[in-house]
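Letters go in sequence order (proteins before strands), and every chain restarts at 1. Computation of the quantities below employed the complete heavy-atom set of this structure, encompassing side-chain atoms and omitting hydrogens, waters and symmetry-equivalent molecules.
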Amino acid sequence: MTALPDTAYHHQSDAVQARFARIKARDVALRVQGLGKVFRTPKGGETIALRGIDIETHRREFLCVVGPSGCGKSTFVRILAGLETASSGTVFVDGQPVNGPGADRGMVFQGYTLFPWLSVLRNVMFGLEENGESRRTAAREAREWLSLVGLEFFADSYPHQLSGGMKQRVAIARALATRPRILLMDEPFSALDAQSRARMQAYLIEIWKKIDITIVFITHDLDEAVFLADRILVLSAHPGEIAELIEVPVSRPRSQGQMLEREFRATRARLDALIHPPDDEDDVKPAAIKPSIVTRLVAHGDEVE
Amino acid sequence: MGGIASSTPTEAPRPPIADAFGMSPMRRKRRSWFGVPKPLGRRNALSLTILSFILPLLAWSAVSYVPFLWHPLIQVSDPGAVDYLQPGMRVDRETFATEVAAAKEAGTAPPQGIPSNPVYLPAPHEVAAAFWTAITTRPTFGDAIPLPQSLWHSIQIIFWGFTISSILGVPLGVFCGTSPVFARIVEPFIEFVRYMPAPAFGALMVAILGIYDGPKIAIIIIGTFFQQVLVIANTTRRVDGMLIEAALTLGARNLRLVRRVIVPAVLPQLYRDQRILLGWAWTYLIVAELIGTSSGITFFITQQARYQHFENVYAAILIIGIVGSATDIVLALIGRRLFPWAKEEA
C-alpha cells in the first residue's frame, strides 16, 4: 500500500459531492446548540463530560459519533434521547426543543433491552401501544416492522430464544415502530461477533435506505463508522469537545470491499490520527518493552519468531 | 540472563532456571472444592439431596438402636422387689445400679431393665408408626382432634395471614421500590416496627379481634407484612435500569411503566421472595396458635406433649416440615413454568 497524504480524506468524487449537496438541501432534523454536560463527583469536584457541542444533521443523514473512551459519546446520545439532562445548551428535533424522552427519538442500546417476558411481536408492539394505538393496529404495524428486519417468522418467539444479532434487529424494529424522526444507536453492535456485526451493518443500511429516518450512531469501531456514516463526528476526551466533523468521501452504495479503497483508508487513517495521537501514553509499542523484563525460560534454537 | 547473549544456538546450555520452570511446568493437579464449581449433574445432585436426609436419619438411628451410644437411662422391665419401680419406668443408671446392689445385699429379687434413651427421644420406628397412626386414626383420649384436621386448620391460618399480608405488602413494596419519595415516607417507620417481635402484639390482638382465628391471622400478618414491604421494595429497586430506559424512550410513563415494565421485569425475583416469605410465615404459626384458644397443629403438639406422647410430637413437627417443603417445591416448579427466561431466578 502506498502512503497517503494527510489530507487525502478531503478529496471527494463528483458523485459524493453531489450527494452531500443533496443532503444539505434537506431540512435540519436535529440541531444541537452549545451542548455541555458537567458531572458532579462525590468529593465535590466537577468533571466536564461535554463542552460546546454544536452540530446540525439533515433529514435522512447517517451520522456516526466516535471518540476515545471517556469522551462522553454515550452521554451525548443519552442527552439526545432525553435520558439525561444537559447542563447547558439545547437539542432541537424538527425545530422543537427536546425535553425528556419522546417518541420522536427511537433508541437502540448497547446491551439487549428487549423485554424478556414479551414475545418478539409484543416487544415491537410496546411503543405503539404506549402511544395510544389499539392492540389490533399495533399488532398489524408491528408485523410490518418485523418483516422489514426480516424476522416475521419469529413474531411468536421470545427474546431468550434469539441470537444476539436477531435481538438487536428486533430492538431496531421496536425503536422504529413509533415512527421516530431520529434513530439513536449507542454502540448497538459492539456485543456481537465480527461476522454478525458485518451482517448487521449491511442490514442497517438496507433499513435506512427504505425509510425516512435520520440516524445518530455511536461506535468505537472506526471501520464501522467509516463504513456506515455520511459524516463522522469525532469527539476529543477531557473535556468532550468536537475534534472534527468529517464528511466521509466513500461512495454509496457501500460494500465491505470498499475497505481497501483509497478514500476509505484515508478517512480511517485520519480517524486514527485524531483518536490515537502518536504520543498517546497508553499506546506502548511492543518494541518499547525491554526484552529483559521476562526471564528467558526456553532453550535456544526453540524460537517462535 | 547473560547466557542469552553468549551462548550459541547449536550448543545452548540451559539456564538453571529453565529446569526449574520451563522444562518442568507445574503440573500438579489440584482440585478446588470451593469457589465457583461446575454445576452438579442431575444424578449427583439428586443423590446428594437424598444423602442430606439420610445422614441425620442415620445419626438418629445410631443413637436410638446402638445400646452403648448415649442411652443414659434404664427402662425397667421387671421391678423385682423394689417398691417404687414400675414396668416401663425410666430411671438413671446410677439409681438403678444402687437398687440392684441393695437387692443383692438384701437377698431379694433384683430389678431388671434395658438401657434406654429419655422419653423425649423416641426411636425412628416409633415416630414412623406414630406418624402413620396420627394421619390415619382418630386419637382416643381427651378432647383431642385428629392431626389432619389440626393441620388443615393451621394451613388456613397461614393462607389467610399470608394472603392478606401480600395484598397489602406487595403493592406497597413495589411502590417503595419505584418511587424514592414514597420509599422515604413509608420505609423508616416500617423498619422501626419490623424490630418489634410479632408475638408481643398477641394480647393486643386478642383484645381487638377476640380469642378465635382473628388474632392468629393477625400475628401471621404482623410477622410477615413489615419484612415483606422491605424485601419487595429492595427487589424492585434492583430492576434492570436499561429496560426502564428503553421503555421511557418508547413512551411508557408512571403507572403504565410500573405495570408494564417494572413489575414484569422483577416478577421472577418477586415470586422467589414470596416463596421465602411464605416460609417465614410458617415460623410464626406456632406462636400465633398459642394466642387466645390454642388451636391447629400447635394444639395437637402441646396436647400430645402433655401426655408425653413425644413420638406424636415428632410426627406433627415432621408433617409441618413436609407440608412446608412440598409447598415450596411445587411453587418452584410452577415458577420455572411461569418464567422460562429466568430459570436461575425462580
Side-chain angles (χ1 to χ4, degrees), chain A residues 77-78 80-84 100-119 122-133 157-162 171 174-178 180 182-184 186 290-303, chain B residues 1-26 239-271 335 337-346:
Chain A
V77 79
R78 285 171 59 80
L80 296 190
L83 293 172
E84 256 172 66
D104 54 346
R105 282 147 295 136
M107 176 123 174
V108 178
F109 295 82
Q110 179 177 7
Y112 304 125
T113 57
L114 295 182
F115 305 126
W117 59 92
L118 294 179
S119 68
R122 297 296 308 273
N123 261 288
V124 181
M125 285 164 65
F126 185 90
L128 293 163
E129 287 178 293
E130 288 306 312
N131 288 286
E133 294 284 0
S157 303
Y158 281 80
H160 71 275
Q161 299 166 320
L162 304 183
R174 184 178 68 172
L176 290 174
T178 53
I182 296 166
L183 182 63
L184 306 166
D186 186 6
K290 287 188 188 129
S292 64
I293 286 178
V294 181
T295 309
R296 187 182 178 106
L297 297 178
V298 292
H300 286 280
D302 191 23
E303 318 299 348
Chain B
M1 276 149 293
I4 296 174
S6 60
S7 61
T8 54
T10 45
E11 215 174 334
R14 286 181 194 153
I17 200 166
D19 287 327
F21 296 103
M23 297 299 115
S24 57
M26 284 167 256
V239 64
D240 182 357
M242 298 291 286
L243 292 181
I244 296 183
E245 290 191 340
L248 283 171
T249 64
L250 291 166
R253 295 288 185 281
N254 298 323
L255 279 184
R256 278 184 74 86
L257 181 68
V258 174
R259 187 169 63 79
R260 294 203 64 199
V261 180
I262 298 176
V263 170
V266 296
L267 205 55
Q269 290 93 320
L270 290 189
Y271 185 84
R337 274 288 170 82
L338 285 176
F339 315 112
W341 66 89
K343 275 220 171 77
E344 72 285 357
E345 299 280 4

With side chains defined as the heavy atoms from C-beta onward, is the minimum distance between B:Leu250 and A:Glu130 less than 4.5 Å?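 In short, these two side chains do not touch, never coming nearer than 4.5 Å.
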Note, B:Pro264 side chain near A:Leu118 side chain (heavy atom, < 4.5 Å): no
So which heavy atom on A:Pro101 is nearest to which on B:Leu248, and how close?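 Closest heavy-atom pair between A:Pro101 and B:Leu248: CB-O, 3.5 Å.
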Hey, could you give me the CZ/OG1 distance between A:Arg174 and B:Thr249, rounded to the nearest 0.5 Å? 7.0 Å
Looking at CG of A:Asp186 and CD of B:Glu245, how far apart are the two atoms once the value is rounded to the nearest 0.5 Å?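 Reported to 0.5 Å precision, the distance equals 10.0 Å.
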Engaged part of [X] at the chain B interface, taking heavy atoms whose separation is under 4.5 Å:
| X | value |
| --- | --- |
| A:Glu129 | both |
| A:Phe126 | both |
| A:Arg78 | side chain |
| A:Leu114 | backbone |

Who among A:Trp117, A:Phe115, A:Phe109, A:Tyr158 has the most heavy-atom pairs with chain B under 4.5 Å? A:Trp117
